[in-house]
Chemist: 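Provided herewith is a single structure, encoded as structure tokens, for subsequent inquiry.
This one's a predicted model, so the numbers in the text were calculated from it and none came from an experiment.
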2 protein chains.
Amino acid sequence: MKLKNKDVWALPGGFVRKDKDVDDEAKAVLQERTGLTDIFLHQFHSFGSVSRQDPKHASDLVEMGVIDPTMEEWFKQRYVSIGYYALVEYSKVKLPIPDATSDYCSWVPINDLPKLVIDHESIIGKAHQTLKKELNYQPIGFNLLPELFTMPELQALYETLLQSKLDRRNFRRKMLAYGILIDTNQKREGVGHKAPILYRFDLEKYFSAIKDGFSSGW
Amino acid sequence: MKLKNKDVWALPGGFVRKDKDVDDEAKAVLQERTGLTDIFLHQFHSFGSVSRQDPKHASDLVEMGVIDPTMEEWFKQRYVSIGYYALVEYSKVKLPIPDATSDYCSWVPINDLPKLVIDHESIIGKAHQTLKKELNYQPIGFNLLPELFTMPELQALYETLLQSKLDRRNFRRKMLAYGILIDTNQKREGVGHKAPILYRFDLEKYFSAIKDGFSSGW
DNA sequence: CCAAAAGTGTTGAAATTACACCCATGG
DNA sequence: CCATGGGTGTAATTTCAACACTTTTGG
């Protein structure tokens with residue numbers, strides 16, 4: 001989200017109320033910004049260095065009338081942020097909703113990040129790194145793809161997440177070996193080339209794979 | 001740590017002061033309980049469910065004189081715990097030091113846990129699960145083993161952490177392939193069988209492997 | 001010489017990589 | 001008919017799993 005009156009961006013976030021689960025508060029932030037529920041949301045790390053404060057930001061907020069002046073000192077404290085990453089199908093939320101501190105909110109490509117407050121860039125780095133590792137243990141794609149999707153679409157998703165190209169044939173083999181895809185015997189039509197097969201996730205196997213994880217290593 | 005006047009145990013922990021890095025506070029807890037510094041300490045998850053409170057515990061603390069009665073309410077709040085696990089060579093700290101709330105402090109085998117407060121058992125579970133996954137990405141053993149150690153000792157460490165038996169020959173091959181071990185051309189003597197080779201870690205490679213991680217998966 | 005545990009090597013299976021051809025579709 | 005991208009197969013390589021015999025040492 002681009003902060004008001006500043007050429008600096010920030011990750012969406014919020015405070016954890018005393019009587020709420022932290023996980024639920026994360027869900028709420030996601031829901032407020034995107035309107036989406038029931039999506040993949042994963043805690044990956046907490047950030048609690050003393051350098052995580054930007055006193056200037058607090059005074060800006062007062063100036064903008066976003067917070068009450070009596071709260072300025074409180075806002076100048078160091079926060080501990082518990083990082084969560086969500087996987088959201090971009091096209092489902094073209095325009096995420098900004099909060100009171102920001103002008104607007106939009107999707108930003110990970111390899112072309114704007115200037116970010118405090119340590120938010122390193123938070124994104126950690127999230128991305130964690131996600132890449134998790135791909136070795138868990139399937140991904142449900143609610144990032146339409147109900148029916150093609151193998152190349154799934155591959156494109158992986159390539160986006162991993163930021164690297166994968167071999168078509170090997171990707172297909174590996175993915176099918178996971179046993180979480182169902183061939184619907186349908187094809188995607190209207191493309192200017194051979195019609196690709198439409199798959200859907202075998203949700204039972206998909207979620208049991210998320211729960212148990214793919215074997216790997218020791 | 002066994003809590004005073006109770007047959008219930010708790011993980012060591014503490015509060016994060018406002019002017020301290022969370023990581024440093026974790027280090028401090030470790031240092032206070034074990035006297036050790038410079039050891040592997042890794043944040044793995046934060047726990048923030050609203051059920052994480054035990055009002056009874058707060059009143060017990062008042063009764064025991066550990067905290068001031070005026071603080072009782074404050075202690076009844078829900079805490080968010082940021083979990084860290086450390087890898088400590090057990091023999092270096094035979095008797096960890098209890099804090100004011102506990103009678104004594106000791107090492108407990110993971111498969112024979114006593115009754116633990118609130119969600120501490122699930123915290124241990126999560127830590128163990130995380131550790132097992134990390135073994136696929138990182139070498140482990142430095143400051144868990146003496147400077148010189150044998151392959152079977154390293155294997156025993158892995159088997160302890162993974163809670164499973166590994167094949168001697170395959171373990172050796174895999175470990176040597178990581179390229180983080182140096183054959184010192186010495187043997188451990190005084191054992192009633194063939195003298196095992198003493199290795200030490202190639203620290204430069206060891207730490208670069210921790211930093212970059214072993215390849216795995218995608 | 002014997003018990004105990006360490007060192008070592010091989011083989012088959014499985015997974016991974018690299019790579020090339022044919023096929024269906026829309027224009 | 002052609003451009004585009006999807007489907008498929010295979011061979012070479014690497015990794016992994018399973019497994020047994022020989023060696024060294026102290027007692």
Side-chain angles (χ1 to χ4, degrees), chain A residues 132-133 135-139 141 145-146 148-160 162 164-201 209 212-218, chain B residues 132-133 135-139 141 145-146 148-160 162-200 209 212-218:
Chain A
K132 287 193 280 189
K133 284 187 179 177
L135 285 186
N136 294 318
Y137 297 105
Q138 299 192 355
L145 293 170
L148 302 184
F149 55 88
T150 68
M151 193 62 78
E153 286 163 2
L154 183 58
Q155 181 177 340
L157 170 61
Y158 271 73
E159 290 178 342
T160 302
L162 294 165
S164 72
K165 283 279 165 199
L166 302 172
D167 181 89
R168 225 151 38 88
R169 293 153 284 196
N170 296 335
F171 177 82
R172 162 183 295 273
R173 189 187 357 253
K174 186 161 179 170
M175 199 52 62
L176 289 174
Y178 284 159
I180 55 170
L181 297 182
I182 296 173
D183 182 338
T184 63
N185 292 315
Q186 300 172 63
K187 313 240 165 144
R188 167 137 306 154
E189 292 176 23
V191 291
H193 52 76
K194 184 167 178 177
I197 299 170
L198 287 168
Y199 294 92
R200 59 186 172 81
F201 287 113
D212 304 336
F214 299 136
S215 69
S216 168
W218 298 98
Chain B
K132 286 193 279 190
K133 285 187 178 178
L135 285 187
N136 295 318
Y137 298 105
Q138 299 191 355
L145 293 170
L148 302 185
F149 53 88
T150 68
M151 193 63 78
E153 285 163 3
L154 183 57
Q155 180 176 343
L157 170 60
Y158 271 74
E159 290 179 343
T160 301
L162 294 166
Q163 299 266 296
S164 71
K165 282 281 167 199
L166 302 171
D167 182 88
R168 250 188 23 242
R169 293 153 285 195
N170 297 335
F171 177 82
R172 161 184 293 272
R173 189 184 359 254
K174 186 163 181 170
M175 198 54 62
L176 289 174
Y178 285 158
I180 55 170
L181 297 182
I182 295 174
D183 182 338
T184 63
N185 293 314
Q186 300 172 61
K187 313 240 164 143
R188 167 137 307 155
E189 292 176 23
V191 291
H193 52 78
K194 185 168 178 176
I197 298 170
L198 286 168
Y199 294 91
R200 61 186 171 80
D212 303 335
F214 299 136
S215 71
S216 170
W218 299 100

Chemist: Expressed as a whole number of angstroms, how long is the span from B:I197:CD1 to D:dT25:C1'?
Modeler: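 Those two atoms, CD1 and C1', are 14 Å apart.
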Chemist: Round to the nearest Å and state the distance from A:R169 atom CZ to C:dT17 atom P.
Modeler: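 Atom CZ in A:R169 sits about 13 Å away from atom P in C:dT17.
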Chemist: Can you work out whether A:Y199 or B:R168 has the more 5'-proximal nearest nucleotide on DNA chain D?
Modeler: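 Checking each residue's closest nucleotide, the 5'-ward one belongs to A:Y199.
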Chemist: Quickly work out the B:L176 CG to C:dG9 P distance and round it to whole Å.
Modeler: 12 Å
Chemist: Anything under 3.5 Å between a donor and an acceptor, one on a side chain of residues 190-200 of chain B, the other on a protein residue two or more places apart or in another chain? List them.
Modeler:
residue, atom, partner, partner atom, Å
B:Y199, OH, B:R172, NH1, 3.2

Chemist: For a side-chain contact (heavy atoms from CB on, under 4.5 Å) check, start with the C-alpha distance between A:M175 and A:Y178, then their side-chain angles and the critical distance, and finish with the verdict.
Modeler: CA-CA 5 Å; A:M175 199 52 62; A:Y178 284 159; 3.7 Å; yes
Chemist: In whole angstroms, how far is the C1' atom of C:dA15 from the CE atom of A:M175?
Modeler: 15 Å
Chemist: Of B:N170 and B:P152, whose closest DNA chain C nucleotide lies nearer the 5' terminus?
Modeler: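 Result of the comparison: B:P152.
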Chemist: With nearest nucleotides of DNA chain C determined for A:K194 and A:R173 from heavy-atom distances, which residue corresponds to the more 5′ nucleotide?
Modeler: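 Result: A:R173.
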Chemist: Figure out the CD/P separation between A:E189 and C:dG26, and round it to whole Å.
Modeler: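 Nearest whole value for this atom pair: 7 Å.
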Chemist: Specify the separation, in whole Å, of atom CE of B:M151 and atom C1' of C:dT8.
Modeler: 12 Å
Chemist: Between A:R172 and A:H193, which residue's closest nucleotide on DNA chain D lies nearer the 5′ terminus?
Modeler: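 Residue closer to the 5' terminus by nearest nucleotide: A:H193.
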Chemist: Closer than 3.5 angstrom, by distance alone: can the side chain of A:W218 be matched with the main-chain N or O of B:L162 as a donor-acceptor pair?
Modeler: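 No, because the side chain of A:W218 does not come within donor-acceptor range (under 3.5 Å) of the backbone of B:L162.
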Chemist: Figure out the NZ/P separation between B:K174 and D:dA18, and round it to whole Å.
Modeler: 13 Å
Chemist: For the pair made of CZ in A:F171 and C1' in C:dA18, what is the distance, rounded to whole Å?
Modeler: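 It works out to 18 Å between those atoms.
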Chemist: Can you tell me how far CG of B:L154 sits from CZ of B:F171, rounded to the nearest 0.5 angstrom?
Modeler: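 Here the rounded value is 4.0 Å.
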